Amino acid sequence: MAQPVDPFARAHTRRGFLGLAGSVALAGLATAACGSDTGRGSSGTSSSSGALQQWYHQYGEAGVEQAVQSYAAAYKTAQVQVGWKIGDYDSLIATALENSAEPDIFEDQVKIDWVRADQVVTLDDIIAPVKDDFTPSVLAGHTVAGHVYGIPQAVDTQVLFYRKSLLQQAGVQPPSTVAELVSAAQALTRNGMKGLFVGNDGGVGVLAGPLLWSVGLDYLHEDASGNYTVGFDDPRAATAMNTLHQLNSNGSLLLGAPADWSDPSAFTQGLTAMQWTGLWNIPSIKAKFGDDFGVLPFPKFDNSGAESVPVGAYGSMINAKSRHIDEAKAFIKWLWIDQTADQLRFDTAFGFHIPSRKSLIPKATNLTTGPAADAVRYVQQSGHLVGGPVWTDAMNTALSDSLTDIAKNGGDPSGPMHTAVSGVQAQLKQLFG
């Protein structure tokens, strides 16, 4: 949903899940003990005494803290105390899961190290009756080995924003292929304005997934037996990633913008004609340009791939060391399964986000027309999870280092991509043997 203070510098926000660097799991997976998949740690006995401790990261949009406090106060079965956490939320959660029975409930996106260390609780039982109502790509971010560990709260996505009038003036059609995107960026670079902004790193952080998906590939591939292999061990990956060098070398990219990709200011200040950024920016962009903008998914490379948008969502999870696991499950079920009116309000009243449950999307009146409705359709038809729970920090580093090499140095992209594949393979071997 909303993002914390100093939002664009923090990868632990839900928006951070949508960038390559923000989608990673924590380090240390190789040494984590295999979990039993029981959903309980050794301290996970239920207790009827004491208040449930529920943690949220600090949202930046007005009203969110008051809303979650009101939800907790409205629950009559048990006392719930909300912890509003400022600062490095991921570190706070990691430390708590290792050392403490609190919080009982917290929001995050599941990481495989938590599962293998038996630090989080399976929620299959409470989600089962409504599981099919959740957007599949979103629920995948909370699923490991077929078990659900988090109930998704709200969905964020990224799309390509473009100024309709500027494209018309340049005689450019909204791009439907990667080649058309590169060409459009060049044609729109004129009169002191750049054609495209995809982040101050030249797109390395946010375009890895869309470029892989554009040729039908992915970060990882999981087979029917639950075995993982590198999802981009294919010559088409190098072909797709060479786009980063094309964009970074032809002068059409905006670099060194005052704020990074998640902030709309480069677009609203007229520094770029197109920007890859978040759905959450629609209100401010509409306030600036009225109806003079549209949104697109990232285009397909060719017919072997498809258009795409990345999705990410925080979900409500349970600390396996909690002494109140049954009570925590009951509260999560009440709030994130049963209280659909509160879920809809949480998703739409404090920002511009998509409900994680398909049945609530038609009720989100701010998402029924214009670019917002287009973005919702892209999520439903072409949404992809960024990285996923098994995608670790070391894997991320292997890929991002190679993409930086390709973007900045050029040359044959197959070499850096082979290096990335080898790095990810090594990490998978450490994880799974």
Side-chain angles (χ1 to χ4, degrees), residues 3 7-9 15-16 18-22 156-211 214 243-299 307-310 352 370-372 374-375 378 403-404 407-408:
Q3 65 183 44
F8 312 122
R15 297 176 190 185
L18 301 178
L20 180 62
D156 284 326
T157 190
Q158 296 164 22
V159 287
L160 181 67
F161 285 78
Y162 66 95
R163 288 281 305 283
K164 294 178 181 178
S165 61
L166 294 179
L167 268 65
Q168 291 171 353
Q169 292 167 16
V172 173
Q173 294 296 315
S176 61
T177 67
V178 171
E180 289 177 1
L181 176 63
V182 174
S183 178
Q186 289 182 289
L188 292 165
T189 299
R190 56 182 186 170
N191 301 324
M193 176 183 288
K194 292 293 186 177
L196 178 63
F197 182 50
V198 289
N200 285 324
D201 64 357
V204 169
V206 292
L207 293 190
L211 283 168
S214 78
T243 304
L244 290 173
H245 180 64
Q246 290 179 275
L247 289 170
N248 278 271
S249 62
N250 66 17
S252 64
L253 280 190
L254 173 64
L255 298 170
D260 214 347
W261 65 269
S262 59
D263 187 301
S265 58
F267 190 66
T268 57
Q269 293 176 12
L271 303 179
T272 183
M274 299 185 293
Q275 179 174 339
W276 184 254
T277 188
L279 174 72
W280 54 86
N281 289 320
I282 281 183
S284 59
I285 291 173
K286 186 173 181 62
K288 175 68 175 181
F289 296 126
D291 294 329
D292 186 23
F293 76 97
V295 298
L296 295 169
F298 193 83
E307 63 185 25
S308 65
V309 294
F352 220 77
D374 293 336
Y378 302 149
L403 299 190
T404 298
K408 304 304 180 185

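Source: prediction; values computed, not measured. Values below: all heavy atoms of this structure, side chains included; hydrogens, waters and symmetry mates excluded.
- Taking 4.5 Å as the limit, every side-chain heavy atom of P297 sits out of range of all side-chain heavy atoms of S308.
- Residues satisfying the ring pair (Phe, Tyr, Trp, His ring centres under 6.0 Å) criterion with F267, sequence neighbours excluded, are F289.
- Pairs engaging residues 265-276 under the side chain to side chain donor-acceptor pair (under 3.5 Å) rule: Q158-W276, D263-S265 [sequence neighbours left out].
- D156 contributes no side-chain N or O that, together with a main-chain N or O of G278, makes up a donor-acceptor pair within less than 3.5 Å.
- Nearest heavy atom pair, residue P371 against residue V295, reads O-CG2, 3.4 Å.
- Contact record, A259 with F197: O-CZ, 3.5 Å, taken as the closest heavy-atom pair.
- Minimum heavy-atom separation, F298 to V178: CE2-CG2, 3.8 Å.
- Atoms CZ and CD1, from F293 and I282 in turn, are 5.5 Å apart once rounded to the nearest 0.5 Å.
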### Message
Could you walk me through whether L296 and E307 satisfy the side chain to side chain contact (heavy atoms under 4.5 Å, CB included) test, starting with their C-alpha distance in whole Å, then the side-chain angles of each, then the deciding distance to 0.1 Å, before giving a yes or no?
### Response
CA-CA 9 Å; L296 295 169; E307 63 185 25; over 6 Å; no
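- Residue pairs meeting the side chain to side chain donor-acceptor pair (under 3.5 Å) criterion with at least one partner in residues 186-208, sequence neighbours excluded, do not occur; the list is empty.
- Scanning for side chain to side chain donor-acceptor pair (under 3.5 Å) contacts around N250 gives S252, with sequence neighbours left out.
- The two residues A375 and L279 come nearest to each other via the heavy atoms CB-CD1, 3.6 Å.
- Contact annotation: the side chain of L211 approaches that of L244 to within less than 4.5 Å [non-hydrogen atoms, C-beta and beyond].
- Judged purely by atom type and a 3.5 angstrom limit, N248 uses its side chain to pair as donor or acceptor with the backbone of G202.
- Annotation: salt bridge (charged side-chain N to carboxylate O under 4.0 Å, His left out) contacts involving residues 168-177, sequence neighbours excluded, are absent.
- Identified under the salt bridge (charged side-chain N to carboxylate O under 4.0 Å, His left out) test for residues 271-297, with sequence neighbours left out: R163-D292, K286-D291.
- Side-chain contact between F161 and T277 is present, with at least one heavy-atom pair separated by less than 4.5 Å.
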Can I get a per-line list of side-chain donor-acceptor pairs under 3.5 Å for residues 169-177, giving both atom names and the distance, sequence neighbours left out?
| from | atom 1 | to | atom 2 | distance (Å) |
| --- | --- | --- | --- | --- |
| S176 | OG | E180 | OE1 | 2.9 |
| T177 | OG1 | E180 | N | 3.1 |

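- Atom CG of L160 is separated from atom OH of Y378 by 9.5 Å, given to the nearest 0.5 angstrom.
- Proximity of P258 to L271: side-chain heavy atoms (C-beta onward) are separated by under 4.5 Å at one or more points.
- Summarising the geometry of A208 relative to L403, their closest heavy-atom pair is CB-CD1, 3.5 Å, with the distance given to 0.1 Å.
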### Task
Take L196 and L254, measure what side chain to side chain contact (heavy atoms under 4.5 Å, CB included) needs, and give me the verdict at the end.
CA-CA 6 Å; L196 178 63; L254 173 64; over 6 Å; no
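- Taking every heavy atom of both residues into account, M274 and L181 meet most closely at CE-CD1, 4.0 Å.
- L188 has its side chain within reach of L167: a pair of non-hydrogen atoms, C-beta onward, lies under 4.5 Å apart.
- Legend: salt bridge (charged side-chain N to carboxylate O under 4.0 Å, His left out) pairs involving residues 167-179, not counting sequence neighbours: none detected.
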